[in-house]
Q: 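One structure follows; several queries about it will come next.
Computed over heavy atoms, backbone and side chain alike; hydrogens, waters and symmetry mates excluded. Bear in mind that the values here come from a model prediction, so they are computed numbers and not experimental data.
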Amino acid sequence: MAEFINLERLAVGVEKIVEPYCREMLKLHGDNLENIIVYGSATGKDFIPRKSNINLLFIFKSLALSELKKSLKLVARGRKKGIIAPLFLTEKHVETSTDAFPLEFLEMKDNHLLIYGKDILEDLEISQANIRLQCEQQLKGKLIRLRQAYLEIGLRKKGVEALLIESLTSLIPVFRNMLRLKEKDVPREKEKVVKALSTHFQVNEEVFLSILRDKRGDERVGGMKAEDFLGRYLEEIRKLAIAVDEI
């Protein structure tokens with residue numbers, strides 16, 4: 001029977017979901033499956049039961065369509081329990097992709113737990129120049145997409161609140177990586193990330209904190225109409241896009 005490690009360090013309730021899933025995955029793939037890693041909120045304090053996703057990384061010796069096909073039924077069952085479709089990669093793919101996806105691999109490296117095999121993320125080296133460039137791409141791209149999205153939904157007057165929440169959630173990893181360009185110790189908790197971002201880049205932390213704390217679903221954020229609040233949010237993202245370009 002496979003020996004798993006670190007399961008007790010996962011967020012409360014995650015172990016009983018992850019362990020049987022991973023045992024079944026090992027049965028399906030045998031020796032071709034070399035390493036299993038949990039990454040993201042399931043490893044820490046930001047995990048919210050029945051709301052947060054469980055993210056898994058499986059490292060294979062080789063990957064063909066047949067390996068994916070074997071896993072279809074298990075992945076479908078896992079989605080019902082909060083395990084999103086896992087990442088299937090090879091070690092070579094990881095080693096040769098850090099320049100193309102520096103933020104994604106840094107997020108995994110800084111927030112993961114090995115539960116089976118070898119930890120290929122621990123000693124992964126990622127260039128700071130690549131981090132800065134992808135942060136700039138993400139921020140400027142987000143500005144463009146937010147404006148497009150508002151043009152699409154603006155007349156409906158509904159959906160702006162959800163747009164703000166989705167947008168900020170997707171930018172938290174970018175904020176963390178901007179902080180990595182300034183300091184070594186970067187917080188994991190979202191609110192602490194926002195407060196540190198404000199310190200280093202002189203943005204209005206209350207704009208971001210209001211969105212993080214908003215769960216009402218009433219098209220209001222921070223006491224304002226979500227549509228009016230969007231203008232404040234766009235301005236802070238614009239300031240960050242300029243700031244990262246100057247690092």
Q: Can you tell me which residue pairs pass the ring pair (Phe, Tyr, Trp, His ring centres under 6.0 Å) test with a partner in residues 117-161, sequence neighbours excluded?
A: none

Q: Check whether any side-chain heavy atom of Ile211 sits under 4.5 Å from a side-chain heavy atom of Phe229, and report yes or no.
A: yes

Q: Which heavy atom in Phe58 sits nearest to a heavy atom in Met25, and how many Å separate them?
A: CE2-CG, 3.8 Å

Q: I need the minimum non-hydrogen distance between Val194 and Ile172, along with the two atoms involved.
A: CG2-CD1, 4.4 Å

Q: Do Thr43 side-chain atoms and Tyr39 backbone N/O form a donor-acceptor pair below 3.5 Å?
A: no

Q: Quick one: closest heavy-atom pair of Leu113 and Leu10, and the distance?
A: CD1-CD2, 3.7 Å

Q: Donor-acceptor pair, distance only, cut-off 3.5 Å: does the side chain of Ser97 make one with the backbone of His93?
A: yes

Q: Using 0.5 Å steps for rounding, measure from the CD atom of Glu227 to the CZ atom of Arg156.
A: 12.0 Å

Q: Assess whether a salt bridge exists between Glu191 and Arg213, defined as any Lys/Arg side-chain N lying under 4.0 Å from an Asp/Glu carboxylate O.
A: yes

Q: Salt bridge (charged side-chain N to carboxylate O under 4.0 Å, His left out) with Arg132: which residues, sequence neighbours excluded?
A: Glu136

Q: Rounded to the nearest 0.5 Å, how far does CD1 of Ile120 lie from NZ of Lys109?
A: 12.0 Å

Q: List the atom of Cys135, the atom of Val174, and the distance in Å for their closest heavy-atom pair.
A: SG-O, 3.8 Å

Q: For atom CZ of Arg216, decide whether the heavy atoms of other residues, nucleotides or ligands shown that lie under 6.0 angstrom number more than 12.
A: yes

Q: Do Glu125 and Thr98 touch side chain to side chain, with heavy atoms closer than 4.5 Å?
A: no

Q: Got Gln148 and Leu151 here, is their nearest side-chain heavy-atom distance under 4.5 Å?
A: no

Q: Do Leu171 and Ile237 make a side-chain contact, defined as non-hydrogen atoms from C-beta onward lying under 4.5 Å apart?
A: yes

Q: Using modelled atom types and a 3.5 Å cut-off, is there a donor and acceptor pairing between side-chain atoms of Glu236 and backbone atoms of Asn204?
A: yes

Q: Is there side-chain contact between Met108 and Leu87, with heavy atoms separated by less than 4.5 Å?
A: yes

Q: Under a 3.5 Å distance rule, please check whether Asn177 uses its side chain to pair with a backbone N or O of Pro173 as donor and acceptor.
A: yes

Q: Between Ser198 (side chain) and Val203 (backbone), is there a donor-acceptor pair under 3.5 Å?
A: yes

Q: Test of understanding: with side-chain contact (heavy atoms from CB on, under 4.5 Å), list the residues that count as partners of Glu19, not counting sequence neighbours.
A: Phe4, Leu7, Glu15, Arg23

Q: Would you name the heavy atoms of Ser52 and Ser41 that are closest together and state the gap between them?
A: CB-OG, 3.7 Å

Q: Could you check whether any side-chain N or O of Glu34 sits under 3.5 Å from a backbone N or O of Asp31, counting only pairs where one atom can act as donor and the other as acceptor?
A: no

Q: Taking only distance into account, with no hydrogens and no angle test, what donor-acceptor pairs under 3.5 Å do side-chain atoms of residues 73-84 form with protein atoms, sequence neighbours excluded?
A:
none

Q: Check whether any side-chain heavy atom of Asp214 lies under 4.5 Å from a side-chain heavy atom of Leu164, and answer yes or no.
A: no

Q: Over all heavy atoms of both residues, which pair between Leu28 and Ser71 is shortest? Give the atoms and the distance, please.
A: CD1-CA, 4.3 Å

Q: Excluding sequence neighbours, so at least two apart, what forms salt bridge (charged side-chain N to carboxylate O under 4.0 Å, His left out) with Arg9?
A: none

Q: Which residues pass the salt bridge (charged side-chain N to carboxylate O under 4.0 Å, His left out) test with Glu91, not counting sequence neighbours?
A: Lys118

Q: Below 4.5 Å, heavy atoms only, C-beta onward: do Met178 and Leu139 meet side chain to side chain?
A: yes

Q: Got a donor-acceptor contact below 3.5 angstrom from the Glu219 side chain to the Gly159 backbone?
A: yes

Q: Not counting sequence neighbours, which residues clear salt bridge (charged side-chain N to carboxylate O under 4.0 Å, His left out) with Glu189? List them please.
A: Lys45

Q: Apply side-chain hydrogen bond (donor to acceptor under 3.5 Å, both in side chains) to Glu235 and list each qualifying residue two or more places apart in sequence or on a separate chain.
A: Arg238

Q: Looking at Asn53 and Asn55, would you say the former's side chain and the latter's main chain have a donor-acceptor pair under 3.5 Å?
A: no

Q: Run the ring pair (Phe, Tyr, Trp, His ring centres under 6.0 Å) test against Phe60 and tell me which residues pass, sequence neighbours left out.
A: His29, Phe88

Q: Considering residues at least two apart in sequence or located in another chain, which fulfil the side-chain hydrogen bond (donor to acceptor under 3.5 Å, both in side chains) criterion with Glu166?
A: none

Q: Under the side-chain hydrogen bond (donor to acceptor under 3.5 Å, both in side chains) rule, collect the residues that match up with Arg176, sequence neighbours excluded.
A: Glu107

Q: Could you check whether any side-chain heavy atom of Leu181 comes within less than 4.5 Å of a side-chain heavy atom of His200, counting everything from C-beta outward?
A: no

Q: Run the side-chain hydrogen bond (donor to acceptor under 3.5 Å, both in side chains) test against Arg188 and tell me which residues pass, sequence neighbours left out.
A: Asn111

Q: Just wondering, are more than 12 heavy atoms of other shown residues or ligands nearer than 6.0 Å to CG in Asp185?
A: no

